[in-house]
Amino acid sequence: MNTVSVDVSAPLGIFGGTFDPIHVGHLRTGYELMHALRLAELRWIPVGNPGYRDPPLASAALRLEMVRVAIAGQPGFVLDDREIRRDGVSRTIDTLHELREEHPRHSICVLLGMDAFAGFQKWHRWQEIFDYAHLVVAHRPGWPPPTEGPLAALLAERAMPDVASLHAALCGGIHVRKVTPLEVSSTDLRDLLLARDDPRFLVPDPVRTIIDSSGCYAQTYE
Ligand code: ATP
């Protein structure tokens, strides 16, 4: 584990996702983690080409725009479009490599939900991620933390339960955090939209407007 502990600046958080579409589960989780971890800022990074899963329904430009309007006006939230601008499959390790060059003295925290952590060991060059960043894993309804197997071992090996430790070291730890449980997913939202239901209050109003006017998930909803 990297234990660099001199001159480390307050952590930069990064929250990547397909955001197809962004919803209150993402936003509230990001908001709570930004405050709980005392992040210097939280960068929202829509995936360009996810590679590992079906392509998103909404175009990259629309997903980017939905994130832009969703986070607008929230101090500390920053939109980062680098994965959409980059060619090829989006890899977190490439993003971290760039961010580390841009921010050599910031601790970096990669935020993800427990469902994403369940597949973490399939991420491209996942071991190297700890040379660049900490992982901050948010609880998510339906996804209990692993208690056995390789992921439980990884958690035990790299556990960093104190926020102060995330501030003191540039990278290398795993911090697990409870957030307000919100059983909302983009998959359920897409199903709801395809059934022509209204997503009101599951997504911010400006996101709902984009969904409505673009017809990216269904032509209209009632
Ligand atoms: P899909 O249903 O299409 O897989 P999703 O709702 O899981 O989408 P993603 O854009 O894939 O959303 O997720 C981006 C990140 O946000 C992931 O790390 C995921 O675990 C996390 N996340 C998504 N929804 C929630 C939620 N309701 N609570 C906590 N974390 C969440």
Side-chain angles (χ1 to χ4, degrees), residues 13-37 39 42-71 77 79-84 89-93 95-96 108-124 126 129 133-146 151 155 174-195 197 199 201-204 207-208 210-211 216-218:
I14 70 170
F15 200 174
T18 317
F19 302 131
D20 186 29
I22 190 166
H23 54 67
V24 294
H26 299 125
L27 291 159
R28 183 69 202 179
T29 298
Y31 180 78
E32 292 186 14
L33 292 177
M34 183 174 74
H35 289 286
L37 307 176
L39 300 177
L42 180 57
R43 285 174 178 245
W44 295 79
I45 309 187
V47 165
N49 173 358
Y52 55 89
R53 55 184 277 174
D54 290 340
L57 284 187
S59 68
L62 268 181
R63 290 183 294 111
L64 186 68
E65 192 54 24
M66 287 192 277
V67 176
R68 186 193 311 282
V69 299
I71 67 173
F77 281 8
L79 181 63
D80 187 325
D81 66 355
R82 71 183 67 222
E83 292 195 1
I84 282 178
V89 174
S90 302
R91 309 283 199 195
T92 300
I93 190 72
T95 298
L96 290 173
I108 298 178
C109 292
V110 172
L111 276 43
L112 71 172
M114 196 63 79
D115 59 307
F117 182 62
F120 175 67
Q121 287 171 319
K122 294 190 189 119
W123 289 20
H124 189 60
W126 66 267
I129 287 179
H134 305 295
L135 284 193
V136 173
V137 186
H139 281 227
R140 187 170 180 184
W143 294 89
L151 271 182
L155 270 182
I174 304 180
H175 181 87
V176 178
R177 192 97 196 171
K178 284 189 178 160
V179 293
T180 300
L182 290 165
E183 201 166 356
V184 183
S185 74
S186 300
T187 300
D188 288 349
L189 267 164
R190 292 191 300 272
D191 288 346
L192 177 150
L193 289 160
L194 286 168
D197 283 340
F201 305 131
L202 293 174
V203 300
V207 172
R208 178 173 171 266
I210 290 175
I211 291 171
C216 54
Y217 300 110

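All values reported here derive from a predicted model rather than from experimental measurement. Whatever order the structure lists them in is the order used to number ligands and atoms, beginning at 1. Values reported hereafter were calculated over all heavy atoms of this structure, with side chains retained and with hydrogens, waters and symmetry mates removed.
Listed by number with element, the atoms of ligand 1 under 4.0 Å from a non-hydrogen atom of G17 are 10 (O), 14 (C). The L112 neighbourhood of ligand 1 comprises atoms 18 (O), with distances under 4.0 Å to a heavy atom of that residue. Close approach of ligand 1 to F15 (heavy-atom distance below 4.0 Å) involves ligand atoms 15 (C), 16 (O). Using a 4.0 Å cut-off to heavy atoms of G16, the atoms of ligand 1 that qualify are 14 (C), 15 (C). In summary, the atoms of ligand 1 found under 4.0 Å from a heavy atom of V184, numbered by their order in the structure, are 24 (N), 27 (N).
Distances from atom 31 (C) of ligand 1 to the heavy atoms of R190, R63, R140, H23 put R140 nearest.
Of all the heavy atoms of T29, the ones lying under 4.0 Å from any atom of ligand 1 belong exclusively to the side chain. Heavy atoms from both the backbone and the side chain of S186 come within less than 4.0 Å of ligand 1. Contacts between D115 and ligand 1, counted as non-hydrogen atom pairs separated by less than 4.0 Å, involve the side chain only.
Considering backbone and side-chain atoms together, G113 places an N or O closer than 3.5 Å to an N or O of ligand 1. Residue-to-ligand polar distances keep A138 apart from ligand 1: every N/O pair is separated by 3.5 Å or more. Considering backbone and side-chain atoms together, L182 places an N or O closer than 3.5 Å to an N or O of ligand 1.
Shortest non-hydrogen contact noted between L57 and R190 is CD1-CD, 3.6 Å. Nearest heavy-atom pair, H139 versus P145, reported as atom, atom and distance to 0.1 Å: CE1-CG, 3.8 Å. Shown here for E83 and T92, the closest heavy-atom pair between the two residues is OE2-CA, 4.4 Å. When all heavy atoms of P204 and L27 are compared, the pair lying nearest together is CG-CD1, 3.4 Å.
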Name each donor-acceptor pair under 3.5 Å that joins a side chain in residues 60-70 to protein atoms two or more places apart or in another chain, with its distance.
from : atom 1 : to  : atom 2 : distance (Å)
R63  : NE     : A58 : O      : 3.3
R63  : NH1    : T18 : O      : 2.8
R63  : NH1    : V47 : O      : 2.9
R63  : NH2    : V47 : O      : 3.0
R63  : NH2    : G48 : O      : 3.3
E65  : OE1    : R68 : NE     : 3.0

N/O donor to acceptor pairs below 3.5 angstrom from side-chain atoms of residues 114-122, sequence neighbours left out:
from : atom 1 : to   : atom 2 : distance (Å)
D115 : OD1    : R140 : NH1    : 3.2
D115 : OD2    : R140 : NH1    : 2.9

Kindly determine whether F201 and V24 satisfy side chain to side chain contact (heavy atoms under 4.5 Å, CB included), including the steps that lead there.
-> CA-CA 8 Å; F201 305 131; V24 294; over 6 Å; no
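When each of V110, L112, L151, L111 is paired with V137, the side chain to side chain contact (heavy atoms under 4.5 Å, CB included) condition holds for L112 and for no other.
Not close to ligand 1: D20, with no non-hydrogen atom less than 4.0 angstrom away. By the 4.0 Å heavy-atom criterion, P56 is excluded from the residues contacting ligand 1.
Here the OH atom belonging to Y217 is positioned 10.0 Å from the CD1 atom belonging to I210, to the nearest 0.5 angstrom.
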